[in-house]
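See below for the structure under consideration.
Every heavy atom of this structure was used, including side-chain atoms; hydrogens, water molecules and symmetry mates were not. We're numbering straight along the sequence, starting at 1. All figures in this text were calculated on a predicted structure; none of them were measured in a lab.
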Amino acid sequence: MEVLPLVALIAGSAAVAGIARRTPVPAPLLLVAVGLVAAYVPGVPSYALDPHIVLPLLLPPLLHTAAVDSSYLDLRANMRPVALLSVGYVLFATLAVGYVAYLVMPALTLPVALVLGAVIAPPDAVAATAIARKLGLPNRITTILQGESLVNDATAITAYNVALAAAVGVSAGWAGGIAEFLVASVGGVGVGLLLMVPIHQLRKRLKEPLLQNTLSLLIPFVAYAAAERVHASGVLAVVVVALYLGHRNWQVDFATRLQEEAVWKVVAFVLESVVFALIGLQLPVVLKGLGEYEGLVAAWYAVVVFVAVVVARFLWVFPATFLPRLSARIRKREPDTDWKAPVIVGWAGMRGVVSLAIAFSVPVTVPHRNLILFLTFTTVIGTLVVQGLTLPPLIRVLKLPPKDLQAETLAEAQAQSQASRAAEDRLTELLEQPENSTLPPPLADRLRTVLERRRNAVWERLGEVNPVTGESADDVYRRLAREMIEAEREVFVSLRDARRIDDEMLRALLRRLDLEEAAAYRESG
């Protein structure tokens, strides 16, 4: 791709995603809609998805940032529902949707129909989890959706490879397919386990934040490539490494964490925006190859596949939720649930760019490849638009219990209070040591003041909101701190303009103020 179209794609996607933040419409849906319209605007170049770019270059960093931000402990606690969705459901959807397509579309052989089923089997939970966070869904549902999206791509890609081998006549049978699945999954996890500790040790030993962040950007590609090199699942390798690094992230220094968080936020924002825009931009490419099928017939096939995808998810989610709970051990270990949670999880099965990328990778020698591509595209668009737009009102209608923000803040305050007591005891112990006796009393008092301010900030968040301004004590503290810092900043700039300090000194002074402002924001927020 030429540079100018690529720049235009990134800039346009970022602009639309920025606009979406000011509207009630989730960014993925608005990006897809704008992409659909832009695809037919004169002068807009053709953006055909290349699976050799999407799978090895876009998927690893998206998986990495999602896994790093996930909770290993929460995922482990919800391993059963996550595994049932990310493995069991994907295989069930492959068979169910594939068999429905085989019955409805006489032209498709069963292996080709299963290729279609595998392509559209994995939900892309990026949009669903974004909506879940925005509406404050219970943590368990969000964790399950996140965990599903981290692993299901590996299951789908393996199922696709098995079905494709059958479609082109080189299948080794069911035994061979199961063996390939096991090799890919166990191998991917194994590669991740081999890489995660050495990579983490290397991160800790690199003392320069720039080098550490450079390594951080390379990690998902290294894990993916290493696993694919031995014909294992690169997706699982990336997820295993990222979960471990996220769980151990407290062991790297603060400068690396701050810089890494900012870097990956930008990377995730850009990639997610581009990915959803690309989905909409595929419409001309998809329709161009559909010439051999009549419009009404193709539309009928699209409706059937869409309905099959939606129904198959509910057919799996409800039994997978309630049948295991017949076991007393599972009922004791897992929190109780009602019918509302599986309804939300069932309706959150939106498809995304991974399905389209796999569809574009179907060899041209496979019969009815264009139909597979078209049905994948319509299913992705259909689930994003229909389910994406209706998920927020569905959540509001079901009135799921929201997060208990008061309880969360109380738990945070108690944890901060306990940590502050430990820090205060440690400070007293250090001040009694001879090598620290030269510390002036005002500086020792400042350490205690900062500690006390950090301890009180969380408790103040439990206070009442000002009825006039709508501000909490937290908001007032942040606003006043910023006003004070802004006054200092203006003085420094005026001194630079008067040539009383140079630009190098100005940058050093402004950096200190920036750190103070960041500290004020974090302590109060």
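Between Val353 and Leu62, the closest side-chain pair of non-hydrogen atoms is not below 4.5 Å. Side-chain contact between Leu283 and Phe377 is present, with at least one heavy-atom pair separated by less than 4.5 Å. Residues Leu245 and Met196 are not in side-chain contact: their nearest non-hydrogen atoms beyond the backbone lie 4.5 Å or more apart. No side-chain heavy atom of Leu63 sits less than 4.5 Å from a side-chain heavy atom of Pro220. A heavy-atom distance below 4.5 Å is not found between the side chains of Phe221 and Pro56. A 4.5 Å side-chain heavy-atom check between Ile141 and Val345 finds at least one atom pair inside the cut-off. Considering only heavy atoms from C-beta on, Tyr160 comes within 4.5 Å of Ser361 through its side chain. In this structure the side chain of Gln387 reaches within 4.5 angstrom of the side chain of Val310, judged on heavy atoms.
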key: side-chain hydrogen bond (donor to acceptor under 3.5 Å, both in side chains) evaluation trace for Arg140 with Asn78   = CA-CA 8 Å; Arg140 187 165 188 262; Asn78 293 283; 2.7 Å; yes
request  = Apply the test side-chain contact (heavy atoms from CB on, under 4.5 Å) to residues Trp347 and Thr390: give CA-CA distance (whole Å), side-chain angles for both, the deciding distance (0.1 Å), then the verdict.
outcome  = CA-CA 9 Å; Trp347 196 244; Thr390 55; 2.7 Å; yes
query = Stepwise, does the side-chain contact (heavy atoms from CB on, under 4.5 Å) test hold for Val285 with Ser46?
reply = CA-CA 8 Å; Val285 180; Ser46 174; 3.9 Å; yes
request  = Before giving the answer on side-chain contact (heavy atoms from CB on, under 4.5 Å), spell out for Ile279 and Ile381 the whole-Å C-alpha distance, their side-chain angles and the decisive distance to 0.1 Å.
outcome  = CA-CA 8 Å; Ile279 291 174; Ile381 297 297; 3.7 Å; yes
request  = Could you walk me through whether Ser216 and Glu260 pass side-chain hydrogen bond (donor to acceptor under 3.5 Å, both in side chains), step by step?
outcome  = CA-CA 8 Å; Ser216 178; Glu260 189 175 72; 2.9 Å; yes
request  = Any chance you could lay out the side-chain contact (heavy atoms from CB on, under 4.5 Å) test for Leu217 and Trp264, step after step, and finish with the verdict?
outcome  = CA-CA 8 Å; Leu217 290 172; Trp264 276 108; 4.0 Å; yes
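Put simply, CD on Gln146 and CG on Leu75 are 7.5 Å apart, with the number rounded to the nearest 0.5 Å. Remark: Ile395 CD1 to Leu391 CG distance equals 4.0 Å, nearest 0.5 Å. To the nearest 0.5 Å, atoms OG1 (Thr383) and CG (Asp124) are separated by 9.0 Å. Interatomic distance, CE of Met79 versus CG of Asp74, reported as 11.5 Å (0.5 Å rounding). Taking CG of Leu315 as the start and OH of Tyr89 as the end, the distance is 9.5 Å to the nearest 0.5 Å. In this structure, the separation between CD1 on Ile358 and CG on Leu164 is 11.0 Å, given to the nearest 0.5 Å.
Heavy-atom minimum distance, Asn213 versus Val263: OD1-CG2, 4.3 Å. Ile120 and Ser355 get closest at one heavy-atom pair: CA-OG, 3.8 Å. The shortest heavy-atom contact between Leu243 and Ala67 is CD2-O, 3.5 Å. The two residues Gly98 and Ala113 have their closest heavy-atom pair at O-CB, 3.1 Å. Here the closest heavy-atom approach between residue Pro123 and residue Arg351 is recorded as CG-NH1, 3.7 Å. Among all heavy-atom pairs drawn from Trp316 and Leu84, the shortest one is NE1-O, 2.9 Å.
Proximity of a side-chain donor or acceptor of Thr65 to a complementary backbone N or O of Pro61 within less than 3.5 Å is not detected. Using modelled atom types, no side-chain atom of Arg205 and backbone atom of Arg203 make a donor-acceptor pair closer than 3.5 Å. In this structure, the side chain of Arg313 does not engage the main chain of Met350 through any donor-acceptor pair within 3.5 Å. For the pair Asn152 (side chain) and Val87 (backbone), a donor-acceptor distance under 3.5 Å is absent. Side-chain atoms of Thr376 never come within 3.5 Å of backbone atoms of Leu356 as a donor-acceptor pair (strictly under, hydrogens ignored). Remark: side-chain polar atoms of Gln251 are not paired, donor with acceptor, to backbone N or O of Lys204 under 3.5 angstrom.
The aromatic rings of Tyr244 and His200 lie perpendicular to each other, with more than 60° between the two planes, well past the 30° mark.
No more than 12 heavy atoms of other residues, nucleotides or ligands lie within 6.0 Å of CD in Gln418, so this atom counts as exposed by the packing criterion. Annotation for Arg511: atom CZ does not count as buried by contact number, only 12 or fewer foreign heavy atoms lying within 6.0 Å. The 12-atom threshold is not exceeded at CZ of Arg512, counting heavy atoms of other residues, nucleotides or ligands nearer than 6.0 Å.
Glu261 and Lys265 are joined by a salt bridge, as a carboxylate oxygen and a charged side-chain nitrogen come within less than 4.0 angstrom of each other.
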